[in-house]
S.K.: 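Sending over a structure as structure tokens; questions will come in a sec.
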Amino acid sequence: MSDADGAGDPTGYRIDPAERTAPADRPFRTAATIGVSLDGFIARPDGDIEWLTMRGAQAGETGYLEFLAGIDTVALGRRTYEKVLTFGFWPYAGKRVVVLSTGLTTDDPRVTVHRSPAELLAGLTVHGARAVYVDGGRTIQTFLREGLLDELIITTAPVLIGEGLPLFGALDRDIDLQLTAAKVLDAGFMQTTYAVLRRTA
């Protein structure tokens with residue numbers, strides 16, 4: 001799925017703990033999967049994503065359900081969480097859901113709110129997370145900046161929307177990526193998977 005904060009568009013890569021070990025400094029792996037326009041936007045300036053949803057069904061099999069089956073925890077930003085609440089159904093049944101937000105107040109028993117990346121990291125560790133789906137543009141940007149994202153899966157829609165909310169934001173350093181898979185989907189969609197390379201001392 002996708003939304004104003006960039007909730008992940010169905011893209012296909014399953015996190016399998018048996019095949020992908022966690023980094024040495026934490027007990028879980030993370031992956032983001034998201035839809036984007038060819039000119040790099042995840043939503044229009046007002047958060048509209050109809051340009052993506054109206055075309056998404058044409059992409060064919062993307063592997064999103066398999067991806068979702070391979071994760072145990074979902075990490076969202078506030079915008080993504082609030083967008084999900086408008087869907088009329090809860091798409092994360094059976095998953096632990098955490099929201100990274102400095103201002104969100106909710107009594108929703110389905111989610112746990114964390115105020116900072118450090119608090120979120122501690123919470124994921126304490127609750128035994130093994131495979132975490134990072135969902136939402138700002139949350140993806142935060143995980144990248146903090147060195148907490150292991151895998152990035154992008155489904156590119158064959159459309160230019162001219163302006164909107166970008167997938168990526170400002171960085172204080174270069175982040176190197178390694179292309180691990182590329183797949184041509186139906187209707188001109190393209191899916192690419194990258195490993196986020198970790199800095200060495």
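Keep in mind that what you see is a predicted model, and the values were worked out from it rather than measured.
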S.K.: Under the criterion side chain to side chain contact (heavy atoms under 4.5 Å, CB included), which of V98, V97, V99 is the partner of Y81?
M.R.: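 Of all the options given, the one that passes is V99.
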
S.K.: Give, for atom CG of L100 and atom CZ of R78, the distance between the pair rounded to the nearest 0.5 Å.
M.R.: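 Spacing of CG (L100) from CZ (R78) equals 12.0 Å.
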
S.K.: Membership question, hydrophobic clusters at under 4.5 Å side-chain separation (ILVMFWY): are F87 and Y133 in the same one?
M.R.: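 Hydrophobic grouping puts Y133 with F87.
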
S.K.: Is there a donor-acceptor pair closer than 3.5 Å between any side-chain N or O of D176 and the backbone N or O of L197?
M.R.: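 Answer holds: no.
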
S.K.: Output all residues satisfying side-chain hydrogen bond (donor to acceptor under 3.5 Å, both in side chains) with D186, sequence neighbours left out; order by chain, then residue number.
M.R.: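 With neighbours one apart ignored, the set is empty.
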
S.K.: Do the side chain of T156 and the main chain of S37 share a donor and acceptor less than 3.5 angstrom apart?
M.R.: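 Here the side-chain-to-backbone pair does not exist.
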
S.K.: Taking NZ, NE, NH1 and NH2 as the nitrogens, is one of them in D108 or R110 under 4.0 Å from a carboxylate oxygen of the other?
M.R.: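 The answer is yes: the pair qualifies as a salt bridge.
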
S.K.: Is the shortest side-chain heavy-atom distance between L144 and E146 below 4.5 Å?
M.R.: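 L144 does not reach E146 side chain to side chain.
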
S.K.: Between Y194 and Q178, is there a side-chain heavy-atom distance shorter than 4.5 Å?
M.R.: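 Result no, sub-4.5 Å side-chain heavy-atom pair not found.
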
S.K.: Can any side-chain N or O of R115 pair as donor or acceptor with the backbone N or O of S101 at less than 3.5 Å?
M.R.: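 Yes, because the side chain of R115 sits within donor-acceptor range (under 3.5 Å) of the backbone of S101.
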
S.K.: For a quick check under 3.5 Å, do Y92 and D135 share a side-chain donor-acceptor pair by atom type?
M.R.: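 A pair is found: one side chain offers a donor N or O, the other an acceptor, under 3.5 Å apart.
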
S.K.: Mind checking who shares a hydrophobic cluster with V184, ILVMFWY linked at side-chain heavy-atom distances under 4.5 Å?
M.R.: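 Under the 4.5 Å side-chain rule, V184 groups with M190.
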
S.K.: Checking side chain to side chain contact (heavy atoms under 4.5 Å, CB included) between V134 and each of T139, I71, T73, which is the one that passes?
M.R.: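 The option that passes is T139.
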
S.K.: Do D39 side-chain atoms and I161 backbone N/O form a donor-acceptor pair below 3.5 Å?
M.R.: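 Answer holds: yes.
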
S.K.: Sub-3.5 Å donor-acceptor pair from the side chain of T180 to the main-chain atoms of T193, do we have one?
M.R.: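 Yes; at least one donor-acceptor contact below 3.5 Å.
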
S.K.: Hey, what do you get for CD (E82) to CG (L104), rounding to the nearest 0.5 Å?
M.R.: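 Rounded to the nearest 0.5 Å, the CD-CG separation comes out at 6.0 Å.
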
S.K.: Can any side-chain N or O of K95 pair as donor or acceptor with the backbone N or O of L68 at less than 3.5 Å?
M.R.: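 Judged by distance alone, yes, a pair lies under 3.5 Å.
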
S.K.: First locate atom CZ of R138, then atom CD1 of I140, and finally report the distance between them rounded to the nearest 0.5 Å.
M.R.: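 One finds 13.0 Å between CZ of R138 and CD1 of I140.
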
S.K.: To check you understand the geometry: which heavy-atom pair defines the closest contact between G35 and I42, and what is its length?
M.R.: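 Nearest pair, atom of G35 first, then I42: O-CG2, 3.6 Å.
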
S.K.: Could you check R145 against D172 for side chain to side chain contact (heavy atoms under 4.5 Å, CB included), going step by step and ending with a plain yes or no?
M.R.: CA-CA 8 Å; R145 285 194 301 269; D172 59 5; 5.7 Å; no

S.K.: Is the closest side-chain heavy-atom distance between W90 and L85 below 4.5 Å?
M.R.: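 They are in side-chain contact.
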
S.K.: Parallel, tilted or perpendicular, judged at 30° and 60°: which one describes the rings of Y64 and F67?
M.R.: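 Correct class here is parallel.
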
S.K.: May I ask you to test the R79-K83 pair for a side-chain heavy-atom distance under 4.5 Å?
M.R.: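 No, side chains not in contact.
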
S.K.: Between L124 and V126, is there a shared hydrophobic cluster once you connect ILVMFWY residues whose side-chain heavy atoms come closer than 4.5 Å?
M.R.: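 No, L124 and V126 fall in different hydrophobic clusters.
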
S.K.: Please give me the minimum heavy-atom distance between L149 and R26, naming the atom from each residue.
M.R.: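 Where L149 meets R26 most closely, the heavy atoms are N-NH2, 4.3 Å.
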
S.K.: Might you point out which heavy atoms bring T62 and A59 nearest each other, and give the distance in Å?
M.R.: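 Reported closest heavy-atom pair: CG2-CB, 4.2 Å.
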
S.K.: Output yes when a side-chain donor or acceptor of T80 lies under 3.5 Å from a complementary backbone atom of L76, and no otherwise.
M.R.: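 Absent.
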
S.K.: When you measure from the side chain of Q141 to the backbone N and O of F143, does any donor-acceptor pair fall under 3.5 Å?
M.R.: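 No.
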
S.K.: Evaluate the side-chain proximity of V113 to T106: yes if any heavy-atom separation is below 4.5 Å, no if none is.
M.R.: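 SC-SC contact between T106 and V113 confirmed.
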
S.K.: For a 4.5 angstrom cut-off between non-hydrogen side-chain atoms, does R198 reach D150?
M.R.: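 Yes, close enough: below the 4.5 Å cut-off.
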
S.K.: Minimum heavy-atom separation for A187 and P158, please, with both atom names.
M.R.: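 It is O-CG, 3.3 Å.
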
S.K.: Are any of the side-chain heavy atoms of I153 and Q191 separated by less than 4.5 Å?
M.R.: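 I153 vs Q191: side chains touch.
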
S.K.: Could you list the donor-acceptor pairs under 3.5 angstrom formed by side chains in residues 162-169, with sequence neighbours left out?
M.R.:
none

S.K.: Can you tell if the side chain of L152 reaches within under 4.5 Å of the side chain of I154, non-hydrogen atoms only?
M.R.: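 Side-chain contact under 4.5 Å: yes.
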
S.K.: Ignoring hydrogens, what is the shortest heavy-atom contact between A131 and G70? Give both atom names and the distance.
M.R.: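 Heavy atoms only, the tightest pair is CB-O, 3.4 Å.
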
